[in-house]
Amino acid sequence: MLISYRWLARHVDLEGLDAHRVAELLTLHTAEVEGVEPFAPALSEVVVGHVLERVQHPDADKLGVCRVDVGAHAGGTEPLQIVCGAPNVAAGQKVAVARIGSVLPGDFKIKKSKIRGVESVGMICSVRELGLGDDHDGIWVLDADAPVAAPVGTPVAAALEVDDWVIEIDNKSLTHRPDLWGHRGIAREIAALTGRALRPLDTALPTPSGAATVQVDVQHPGCSRYVAVAIDGVRATESPRWLRMLLLAVGQRPIDLLVDTSNFVMLDIGQPNHLFDRRALGGRPIVVRGARAGETMATLDGVERALTTDDMLICAGDEPVALAGVMGGAGSKVAEGTTELLLEVACFDPSVVRRTAARVGLRTDSSTRFEKHLDPLLPLTAAGHVVQVLRSIQPDVTVAGPVVEGGTWTDPTRTIDVRPQRVRHLLGTPVDDERIASIFESLDLAVERRTPDTWRVTVPARRATKDLTIEEDLVEEVGRVLGYDTIVSTPMLAPVAPAPRDRRRELVRLLADRLSGTGRFHEALTYSFVDESLVSALGLGALPYAIAVNPVAEGMARIRRSVAPSLIGKLETNLAQRSEVRLFEIGKGTRPEQLDERGQPHEVHRLALVLARANASGSPSPSATLGELQTLLTDALGRTGAGAVDFVAAPVVTPDDHAWAHPRRRMAIQVGGSSVGLVGALDPRAAARLCDGADVAVAEVCLDALLELGLTPPSYRPIPRFPGVKVDVALATPGDRPAREVMDLIEKAGKGLVASTELFDVYRGEGLGDGRKSLAWHVVLQAADRTLTEKDQNTFLDRLERMATQAGAELRRQ
Amino acid sequence: MDIEAHERTVRSRIAEATDADALRAIEREYLEKGGVVADLLASIPTLPPTERKAAGQGANALKRAVTEALESRRAALDGAQLEAELAAPDFDPTIPARPLDAGSLHPITQAARRLEEIFSSMGYHVLDGPEVELDHYNFEALNIPKDHPARDMQDTFFVSASGDRSDTSGALVMRTHTSPVQVRAMERLEPPFRAIAPGRVFRQETTDATHEHTFHQMEGLVVGDGISVAHLIGTMKTFLREVFERDLDVRLRPGYFPFVEPGFELDARCPFCESGCRVCKQSRWIELCPCGLVHPNVLRAGGIDPERYSGFAFGLGLSRLVMLRYGLDDIRHLMGADVRFLEQF
Ligand SMILES: [Zn+2]
């Protein structure tokens, strides 16, 4: 909301408070100020000029050459010669002159120029050139409506007394303050904060001069008060300059006296109101009713709107003339020449107005105010204000008949019991009773000290609708008027106790550290929404997803079930930069097929990893990254102490949250024998579509499953006292024999002496026979009680050879 | 040849040797099996008994002399070699070190960890809450009933668990703030307690350099006996001192949030300037977090008697802190997963 400093000064004496000080007071005590800007700074750049003569330009029909007196200027005191194309410029006018060097809106700097051979020293400005509106039909004639007393050469802002500052207040910070949606409300705050008096405002309705009558029939409960006043004798002339300037300062375009006055009153005291053409009502009653299903109406902006039964209408008879609280109807425009009006000032239900405004997408100045729970006492004040303003400009305006009212409303004025001790207690500051009472009184909150400990405070209607309802609200009033800077920072007293251990966070931290450290992964964060095309490329489209019904973009509605797909989606752009990409993310997935009793979907906590290498020629075997990822998982998961890490075959299931994995190159990740996730090569079809066939390994680990296994510090094993023996063995086996079986064979042959086995080569090819492979291992033999000898090694090899032969394998001695 | 002649010969050969191999050859020739000294010792039994003692002593003296001469020559040669190595001009200090292709932790994680450490050290629980949240926790229990204008302050993503785009029940939302954890915490913990809850939050808005539909916040909540605004100020000052490693002035100004009463915006003195800068938009204050005393309706929603306990809550913008800390000019980097961004942290 924009607040004009000059406008504020109509309501409270601002002597000694400049606009910045006002803004600071509001910031510290009332609401958030977003900025303080001078109003139309160009008005201080341009000066009053007197057009002495206008003659025809010798070479251009539409141009005139003017001599304009601007008093003293940089070049002397001679009148300036200015070429001007405006049709309305004439000798004798007072005009706004931009001299050489002046800067107008849009960074437009005035320079000496020659126009069709005639020198022009400056510019006579239009309203639009000064940033005051759209009018560009001609120059701005300053004395068109009233003489300009200031001498030539005076800056226009000062000459017309329209210099002003505009204070922008954040609307959100006024959400709870219906009373601050007009200048008078803000002025009331300044008055309370500085101990000044609010200037009186005469809003009394004059005695009706006639008996014009209109019927009001409120049928809708969303209209608690409807005030109708017939007004005669109004002409829709241009508003006086002071009114137009105030409206321009707060960003409203002046239209004519009727519209301007209606807007002025709304912006002045915060009460929306509407002027109908009484003749157009044709004697029909005003009916406030709900819209019927299928009903439509055209609003003032010319849009035909489909209505629902949630909407509330103002009708003439049965014909809708306004969408209540939101916007007038196209047909309710006051016709030219009308002097008989009907003023509507009403109190509408915030929810009804809010719903309609939101549904039709029309957030108007009116709806914004009604949404805040306006004071039902305000309509009558506003009605009087409208009439008084009109009469101050057109003295023959009269009230044509008695005020007619409809609706049922109650005075919201309320009392709240407040304990001064609790005020001190909650603020944590020793403010005394007298100060508390004086703050309440400065805010028109009457205090009745029923007992020394409990006071009864009466809240005026304008603040009682929604804003001040409980004791804590009054605590805030004391605190903010007092100034929070007066409260002394105090340490809390609490038992000294450490926060409890948080194993989930410990686990997450351990994994993230290990993976970003030795694992050399970058931790990424990606959206909780997954892209439609990614989901389908990964074969995950048929799974159940929760969705955002109003997604940020089409195709971004699905809420992810797991984290790995999001990371896979980030591979292509990263592989365009790097030949190798390692990313991990710790995040959440949402499983809508598991709703709790309150309808909340189950949330899973996941660690996802991708390891990708661009498909360069001469790259290693297709799933080189898979083995690497297994190594890194073994390391990181092993660090949790939850148990030994192992990988076992994982068949494809349906439906499959791991559909991104290669149907065969996929393994369940086991920790201590429990499955905690899946690791696999990216399905080659997905890899081709999503990342140019890169070699990609992907894993997803369920942190909840891992957590269930418990975190234990690594257990100590004594360092062997006797040296071990390293033996390399190669075993040729049928090609489909799992390495695990060969490893088991080695361990069995060692009879407890095998301390470790490490596969270092897999060979298929010449010399082995069809379909056979050779697995080469580093084996360490070790005993706890003696140094092993060559004899032990030979015994092992002999036994392994025997067992291998029995198992259809062959020990290849080296 | 007598011992002395042997000794003269071998000494001069050792002195002339220029490398370790030559010395080794001499060592073998004189000292090892079948060498000169061994031969001398072996010949002793063939000598007359009267000469044997002297011959034995002579052989041993030769052995000692050769050993010592070898040792000192070796030391001399090693020293010379070392000196030559030390003086060698073949080292180029400007050869660039190979960069380490290291991993990284996301800056949000790093910031969250720092804050968790600070608050844990002050006895705060670290809590978590769901991203797909019930309307009840995100709005209703936070004193934001249906049709409350404050609902418009938060551009909410509405969620359908059934995946139905026409679902308008509004029972589920992407949480618009971390504040739903407040009532969840009250339901779980017995007062007095202190807790923080970092996490991602969602707003339905178009993204640009300063707006993201997904960003990170950290909620703070303290409930206890006689908790006051003065405690809130004290806590925030302590926390800021830890984050910025110096004392920063703070100021509270009124701010409206339905779940606190009174509600504030907390500003801190700009840590980046003395007299106005781009970060603080020349105001010397930076808006840090909304906060306030927990509204009695919220305490009640969490099963806590507002007459017995009071509390304060605050909502830190984690993403904003990270942007301030690193001078980020585009918030979209945070969720972009671009390695060129991530590797900088
Ligand atoms: Zn600054």
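Per chain, numbering begins at 1; letters A, B, ... match sequence-line order. These values consider heavy atoms only, across backbone and side chains, with no hydrogens, waters or symmetry-generated copies. It should be emphasised that the depicted structure is a prediction, and the values quoted were computed from it without experimental measurement.
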message = So Leu525(A) and Leu334(B), do their side chains get closer than 4.5 Å, heavy atoms only?
response = no
query = Under a 4.5 Å heavy-atom cut-off, does chain A meet the side chain of His231(B), its backbone, both or neither?
reply = both
request  = Sort Asp164(B) into side chain, backbone, both or neither according to what part of it lies under 4.5 angstrom from a heavy atom of chain A.
outcome  = backbone
note = Greatest number of non-hydrogen atom pairs under 4.5 angstrom with chain A, of Gly336(B), Pro107(B), Ser120(B), Ala171(B), falls to Gly336(B)
message = Quick check on Leu595(A) against chain B: is it the side chain, the backbone, both or neither that has a heavy atom closer than 4.5 Å?
response = side chain
Ignoring hydrogens and angles, write down the donor-acceptor pairs under 3.5 Å from the side chains of residues 484-498 of chain A, residues two or more places apart or on other chains.
from      : atom 1 : to        : atom 2 : distance (Å)
Thr486(A) : OG1    : Gly483(A) : O      : 2.7
Thr490(A) : OG1    : Val488(A) : O      : 2.8

task = Using a strict cut-off of less than 4.0 Å between a Lys/Arg side-chain nitrogen and an Asp/Glu carboxylate oxygen, indicate whether Glu133(B) and Lys588(A) qualify as a salt bridge.
result = no
query = For Arg194(B), is it the side chain, the backbone, both or neither that has a heavy atom under 4.5 Å from a heavy atom of chain A?
reply = side chain
Under 4.5 Å from any heavy atom of chain A - which part of Pro145(B) = neither
request  = Could you check whether the rings of Tyr256(B) and His176(A) sit parallel, tilted or perpendicular, using 30° and 60° as the cut-offs?
outcome  = parallel
query = Which answer fits Phe193(B), side chain, backbone, both or neither, if we ask what part of it has an atom under 4.5 Å from a heavy atom of chain A?
reply = neither
query = Quick one: which residues of residues 337-345 of chain B reach chain A at under 4.5 angstrom, heavy atoms only?
reply = Ala337(B), Asp338(B), Val339(B), Arg340(B), Leu342(B), Glu343(B)
key: Phe215(B) portion near chain A, given a 4.5 angstrom heavy-atom threshold   = neither
message = Given heavy-atom pairs under 4.5 angstrom as the criterion, report whether the side chain, backbone, both or neither of Val173(B) touches chain A.
response = neither
task = Would you mind checking which part of Pro296(B) comes under 4.5 Å of any heavy atom in chain A, side chain (CB onward), backbone (N, CA, C, O), both or neither?
result = side chain
message = Quick test of your reading of the model: are Arg165(B) and Glu554(A) salt-bridged, counting only N-O distances below 4.0 Å?
response = yes
Structural part of Phe202(B) lying under 4.5 Å from a heavy atom of chain A = side chain
ask   = Do Asp135(B) and Arg598(A) sit within salt-bridge range, that is, some charged N less than 4.0 Å from a carboxylate O?
value = no
ask   = Where does Leu134(B) contact chain A at under 4.5 Å (heavy atoms): side chain, backbone, both or neither?
value = both
inquiry  = Please classify the contact between Leu232(B) and chain A as side chain, backbone, both or neither, with a heavy-atom cut-off of under 4.5 Å.
reply    = neither
request  = For Asp513(A) and Leu105(B), indicate whether the former's side chain and the latter's backbone hold a donor-acceptor pair under 3.5 Å.
outcome  = no
key: Working for side chain to side chain contact (heavy atoms under 4.5 Å, CB included), residues Ser228(B) and His425(A)   = CA-CA 7 Å; Ser228(B) 72; His425(A) 190 81; over 6 Å; no
message = Report which part of Glu131(B) has an atom under 4.5 Å of a heavy atom belonging to chain A: side chain, backbone, both, or neither.
response = both
task = Could you check if a side-chain atom of Val552(A) sits within less than 4.5 angstrom of a side-chain atom of Phe157(B), using non-hydrogen atoms only?
result = yes
key: Heavy-atom proximity to chain A below 4.5 Å, by part of Ser310(B)   = side chain
inquiry  = Before you tell me yes or no, could you show the steps for Arg520(A) and Asp101(B) under side chain to side chain contact (heavy atoms under 4.5 Å, CB included), namely the whole-Å CA-CA distance, both residues' side-chain angles and the distance that decides it to 0.1 Å?
reply    = CA-CA 7 Å; Arg520(A) 299 193 290 116; Asp101(B) 194 6; 3.6 Å; yes
task = For Glu117(B) and Arg509(A), run salt bridge (Lys or Arg N to Asp or Glu O under 4.0 Å): C-alpha distance rounded to whole Å, both residues' side-chain angles, the deciding distance at 0.1 Å, then the answer.
result = CA-CA 12 Å; Glu117(B) 273 161 17; Arg509(A) 197 174 269 231; 3.2 Å; yes
key: Pair Glu307(B) + Arg419(A): basic N to acidic O under 4.0 Å   = yes
ask   = Checking Asn550(A) side chain against Phe158(B) main chain: does a donor-acceptor pair fall under 3.5 Å?
value = yes
query = Which region of Ile196(B), side chain (C-beta onward) or backbone (N, CA, C, O), has a non-hydrogen atom less than 4.5 Å from a non-hydrogen atom of chain A, or is it both or neither?
reply = neither
request  = Could you tell me whether the side chain of Glu476(A) and the main chain of Pro262(B) form a donor-acceptor pair under 3.5 Å?
outcome  = no
query = Between Tyr527(A) and chain B, which part of the residue has a heavy atom less than 4.5 Å away: side chain, backbone, both or neither?
reply = both
